[in-house]
Amino acid sequence: MTHKLWGGRFKKRSDPRFERFSSSFRWDRKLLPYDLKIDAVHVRALRRCKVLSAVEEKKLLSAIAALCKSYQNGSLRLKEDSEDVHTAVWTKLEQWVGPLADKLHTGRSRNDLVSQSTRLYCKDHAEQILVLAAQFQKAVIQKADAYQGVLIPGMTHLQNAQVLSLGHIFLAYAEMIERSKSTLEAAKVFMDVCVLGSGALAGVTFGLDQKRMARELGLSRVTNNSYDVSGDRDFLLNFLSCLAFFGTQISRIAEDLMIGQLKGFSLVELDQAYCTGSSMMPQKKNADFLELARGAEGVFAGNLIGMMTTLKGLPTSYNRDLQWDKKYIFDSVETCETLLQIFTGIFKTLKINEKRAKELLADESLYATDLADTLVGSGVSFKAAHHQAGQIVSLSEATGIAISKIGLDLLKKIAPRIEGGVYRLFDARHSVRMKKTRGSTHPDEVKKQIKRWKLSLR
Ligand code: ARG
């Protein structure tokens, strides 16, 4: 018989170029462990509805177990020119158990098989990504803890804005990653469905115990509609968009680090293990991995749009277009997993130049907002206070005299309600201590948030 799962009605051989293009084995071989898991569950279900005898069940199960074993120890060789992973597994089983392998495909289609194995892959990797993301957060929180006392100029529009604790900045990274984790948690629901028994589109004529199959696969529910199952890839769209979500955050953190390590800024020092040199300029220690990570959002967004475009306008049931889904999902999953692992390493080894942090705080315009707020305290409206503080900054710029060195009488000419205590404002520690709200950069608040994260990430 042919090494295809079909072929009875065909008299001619396929064009080899067509066959190569048509094959998805180069991608979907990653589904192998999931395919095997499903096969074992399916064999037991076929036995329960008497399609297989006890002897046949035993034979098939031990062949599947042997296949699993050789897959795990790396000795498994599959037929490279297989149409897809499901065909490759069946070919191998046939080598071991003969024509009995043909019975395995009773009551199922590759349409439900591919949908189920992809769901299992996604669920597994979603869980793995949640773990990796938590490890990244842990590394970030460790640095937040270590550097919470380091104050630096916080920026908006890449311009100095107000003083921030570095711990506060790192806490922001943990917050954003938490949002991606929550969207991923929610996305898992669409993956967590047993679709076996759906067949090609209409359901199957054998009484497969779908609830039990779901249980054996560790899934919490059975599908309500076999026709929906055959073409449903919404779980992939959802997953790809979560991965793109991670991607945007990683790209922004990468950008922050790049700015922090710029010569002239020189606040962040990346470990050599994460830098590269130049083939021509011997002095270079480039943080170009961060650029690679920033650029990876092109991969994540591209894969998401690719999947959406593939799905758009497709007739509801299975169409071969769907085979492209593997290309998108494996690429995004692997990129995301690797980036999270590397960023964990980057944060674990990251060093902060505290001396530079102090030097960067020399810009007293960082305290202009504190100055305006203090004027509000003496009864001036915020609009007037903002205006007066702005005039003071401008005077300092025009004269080249630091604000803290301008005499009180001159300051009073601009801001009549200003008092001698104003000179206390030009101090970074004082500035962060002035902040009173939850989630602010006040040292007590930063400490509290670090403690909360440490408890929740345990
Ligand atoms: N390899 C295919 C995929 O990944 C499954 C094959 C189903 N083929 C078919 N003609 N129904 O989507």
Side-chain angles (χ1 to χ4, degrees), residues 1-10 12-39 42 78-94 101-102 104-125 190-191 193 195-205 223 225-237 239-240 303 306-334:
M1 246 200 292
T2 148
H3 274 287
K4 290 190 167 82
L5 283 167
W6 45 272
R9 75 180 311 290
F10 287 79
K12 281 180 99 176
R13 284 180 65 90
S14 316
D15 175 336
R17 188 176 285 122
F18 152 80
E19 210 159 84
R20 270 197 305 280
F21 187 78
S22 184
S23 162
S24 54
F25 188 49
R26 61 191 178 288
W27 296 312
D28 64 16
R29 60 190 320 145
K30 296 207 164 86
L31 295 179
L32 187 91
Y34 307 99
D35 185 275
L36 291 173
K37 204 169 172 184
I38 294 168
D39 289 342
H42 191 65
L78 293 171
K79 206 167 159 292
E80 285 302 317
D81 59 352
S82 302
E83 187 178 321
D84 54 27
V85 66
H86 319 292
T87 314
V89 167
W90 164 75
T91 311
K92 198 77 194 172
L93 284 176
E94 203 197 22
D102 298 345
L104 174 64
H105 211 59
T106 317
R108 73 179 189 184
S109 151
R110 275 178 303 164
N111 296 358
D112 55 357
L113 187 53
V114 74
S115 163
Q116 190 69 73
S117 43
T118 312
R119 279 168 212 265
L120 291 184
Y121 168 90
C122 288
K123 187 165 167 275
D124 217 18
H125 284 270
F190 287 176
M191 306 167 188
V193 190
V195 302
L196 300 179
S198 296
L201 75 168
V204 300
T205 51
T223 182
N225 190 310
S226 65
Y227 181 62
D228 173 40
V229 161
S230 60
D232 164 33
R233 294 294 183 273
D234 291 347
F235 66 101
L236 285 181
L237 265 192
F239 193 13
L240 285 164
N303 287 334
M307 189 71 232
M308 272 187 178
T309 314
T310 296
L311 285 179
K312 195 255 165 206
L314 270 195
T316 333
S317 70
Y318 181 82
N319 295 272
R320 195 66 185 283
D321 317 47
L322 294 175
Q323 179 166 297
W324 292 109
D325 63 358
K326 324 282 180 309
K327 196 171 179 310
Y328 303 131
I329 194 67
F330 295 148
D331 190 22
S332 282
V333 163
E334 284 164 24

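Whatever order the structure lists ligands and atoms in, that order sets their numbers, starting from 1.
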Can you tell me if Asp84 and Trp27 form a side-chain donor-acceptor pair at under 3.5 Å? no
Between the side chains of Arg320 and Ser22, does any donor sit under 3.5 Å from an acceptor? yes
Between Ser115 and Asp112, do the side chains contain a donor N or O and an acceptor N or O under 3.5 Å apart? no
I'd like a table of the close N/O pairs between ligand 1 and the protein (anything under 3.5 Å), one pair per line with both atom names and the distance.
from: ligand 1; atom 1: 1 (N); to: Ser24; atom 2: OG; distance (Å): 3.3
from: ligand 1; atom 1: 1 (N); to: Asp84; atom 2: OD2; distance (Å): 2.9
from: ligand 1; atom 1: 1 (N); to: Gln323; atom 2: OE1; distance (Å): 3.1
from: ligand 1; atom 1: 4 (O); to: Lys326; atom 2: NZ; distance (Å): 2.7
from: ligand 1; atom 1: 11 (N); to: Asn111; atom 2: OD1; distance (Å): 2.9
from: ligand 1; atom 1: 12 (O); to: Tyr318; atom 2: OH; distance (Å): 2.5

Under 4.0 Å between a Lys/Arg side-chain N and an Asp/Glu carboxylate O for Glu83 and Arg110? yes
Would you say the ring centroid of Phe330 lies under 6.0 angstrom from that of Tyr121? yes
Salt bridge flag under 4.0 Å for residues Arg108 and Asp39: yes
